[in-house]
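See structure below.
Every value quoted in this text rests on a predicted model; they were computed, and no experiment measured them. Indexing begins at 1, ligand by ligand and atom by atom, following the structure's order.
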Amino acid sequence: MSNPNEPNIAERTYIMVKPDGVDRGLIGEILSRFEKRGFKLIAAKLARPSKATLEQHYADLRERPFFPGLINYMLSGPVFCMVLEGLDAVKTGRAMLGTTNPLQSAPGTIRGDFSLVTGRNICHGSDTVANAEKEIALWFPEGTLPYSLSQAAMIYEIKN
Ligand SMILES: Nc1ncnc2c1ncn2[C@@H]1O[C@H](COP(=O)(O)OP(=O)(O)OP(=O)(O)O)[C@@H](O)[C@H]1O
């Protein structure tokens, strides 16, 4: 059984380049940052999600005043969906993303380097391990992930 005090080397997160990020040609830049950091790309696809899928993805925000605008934004073009695996992937992914409001995101973060407004913040990242699992299941229905083994864990074992 894994030790809750140890970072999980085989943790997976769901990262999604939003329509503005895709439109601005930032897929490669964003993926490259995760690969260079040491995360393993487990699955990826360009998708045109349905309204129902987006409403499920953002279900926690359904009552917020910006919800209809958020769904329209996410429907405005293709998104690029990724599963990335590696050491503390969820927490590290959020740190690499920056804060929800890009103006408060530090330079060096994805949002801090490439965006200015909350309503066009170019990239999503799971905020908890439980939500990552739900989001991976939603965007990559069971059986579609090309990797079943933990590649990151294998690399880690080889190097230690
Ligand atoms: N006040 C707002 N006005 C407009 N859009 C907003 C606002 N707050 C949040 N959003 C949009 O909704 C998304 C989800 O909001 P949430 O509070 O979950 O932030 P987040 O976890 O940083 O973002 P994401 O879930 O997309 O990674 C934000 O990334 C942003 O695109």
Side-chain angles (χ1 to χ4, degrees), residues 4 7-142 144-145 152:
N8 182 0
I9 58 171
E11 191 167 286
R12 290 177 173 186
T13 190
Y14 176 67
I15 302 291
M16 174 167 59
V17 184
K18 298 180 179 184
D20 52 333
V22 174
D23 185 53
R24 289 172 55 198
L26 292 173
I27 293 172
E29 170 72 38
I30 292 169
L31 172 56
S32 176
R33 285 182 178 220
F34 282 95
E35 287 192 314
K36 285 178 188 161
R37 186 75 193 261
F39 291 105
K40 178 83 184 170
L41 184 66
I42 296 294
K45 66 181 177 188
L46 200 59
R48 200 76 203 254
S50 66
K51 194 173 180 199
T53 299
L54 291 164
E55 285 176 347
Q56 199 175 332
H57 176 82
Y58 282 124
D60 291 352
L61 301 173
R62 202 175 283 270
E63 304 305 324
R64 305 297 291 274
F66 58 81
F67 186 75
L70 170 62
I71 297 300
N72 283 336
Y73 158 46
M74 294 299 295
L75 283 170
S76 67
V79 294
F80 189 69
C81 314
M82 291 177 265
V83 179
L84 289 143
E85 182 182 281
L87 198 61
D88 257 351
V90 170
K91 197 168 115 195
T92 313
R94 290 289 288 191
M96 289 170 68
L97 212 56
T99 55
T100 306
N101 182 348
L103 276 189
Q104 287 158 14
S105 297
T109 63
I110 291 166
R111 287 170 174 165
D113 285 348
F114 299 111
S115 58
L116 284 169
V117 294
T118 304
R120 294 290 180 275
N121 61 5
I122 73 164
C123 192
H124 160 82
S126 306
D127 58 356
T128 62
V129 172
N131 280 341
E133 284 169 9
K134 278 191 218 158
E135 291 168 5
I136 291 167
L138 175 66
W139 292 91
F140 293 91
E142 203 176 355
T144 63
L145 291 194

Subject >> Taking atom 28 (C) of ligand 1 as the reference point, the nearest protein heavy atom with its distance >> reply: Asn121 ND2, 3.6 Å
Subject >> Residue, atom name and distance, where the atom is the protein heavy atom closest to atom 4 (C) of ligand 1 >> reply: Phe66 CB, 3.7 Å
Original post:
Can you check whether Val129's main-chain N or O pairs, donor with acceptor, with Glu11's side chain at less than 3.5 Å?
Top reply: no
**OP:** Say whether Tyr73, considering both its backbone and side-chain N or O atoms, lies within less than 3.5 Å of an N or O atom on ligand 1.
**Re:** no
**OP:** Check whether any side-chain N or O of Arg111 sits under 3.5 Å from a backbone N or O of Cys123 as a donor-acceptor pair, and report yes or no.
**Re:** yes
Original post:
Does NZ or CZ of Lys18 come closer than 6.0 Å to the centre of the six-membered ring of Tyr73, within 45° of the ring's axis?
Top reply: no
Original post:
Which side-chain hydrogen bond (donor to acceptor under 3.5 Å, both in side chains) pairs, counting each pair once, include a residue from residues 23-38, with sequence neighbours left out?
Top reply: Glu29-Arg33, Ser32-Lys36, Arg33-Asp113
Original post:
Roughly how far, to the nearest 0.5 Å, is CG of Asn72 from CG of Leu54?
Top reply: 10.0 Å
Original post:
Is there side-chain contact between Ile30 and Ile122, with at least one heavy-atom pair below 4.5 Å?
Top reply: yes
Subject >> Residue and atom name of the nearest protein heavy atom (relative to atom 15 (O) of ligand 1), distance in Å to one decimal >> reply: Leu61 CD1, 3.5 Å
Original post:
Given that the side chain starts at C-beta and the backbone is N, CA, C, O, which of these parts of Arg94 lies under 4.0 Å from ligand 1, counting heavy atoms, or is it both or neither?
Top reply: side chain
Original post:
Mind checking whether Thr118 has an N or O less than 3.5 Å away from an N or O of ligand 1?
Top reply: yes
Original post:
For Ser126, which of Glu135, Lys91, Glu133, Arg94 qualifies under side-chain hydrogen bond (donor to acceptor under 3.5 Å, both in side chains)?
Top reply: Glu135
**OP:** Looking only at protein heavy atoms, identify the closest one to atom 23 (O) of ligand 1 and say how far it is in Å.
**Re:** Arg111 NH2, 3.4 Å
**OP:** Return the residue, atom name and 0.1 Å-rounded distance of the protein heavy atom closest to atom 13 (C) of ligand 1.
**Re:** Leu70 CD1, 3.9 Å
Original post:
To the nearest 0.1 Å, how far is atom 20 (P) of ligand 1 from its closest protein heavy atom, and which atom is that?
Top reply: Thr100 OG1, 3.5 Å
**OP:** Not counting sequence neighbours, list each pair that qualifies as a ring-ring contact (aromatic ring centres under 6.0 Å, His included) and has a residue in residues 75-125.
**Re:** Tyr14-His124, His57-His124
Original post:
Under 4.0 Å from any heavy atom of Lys18, which atoms of ligand 1 are there?
Top reply: 26 (O), 28 (C), 29 (O), 31 (O)
Original post:
Which residue and non-hydrogen atom of the protein lie closest to atom 24 (P) of ligand 1, and at what distance in Å?
Top reply: His124 ND1, 3.1 Å
Original post:
Which atoms of ligand 1 have any heavy atom of Gly125 under 4.0 Å away?
Top reply: 27 (O)
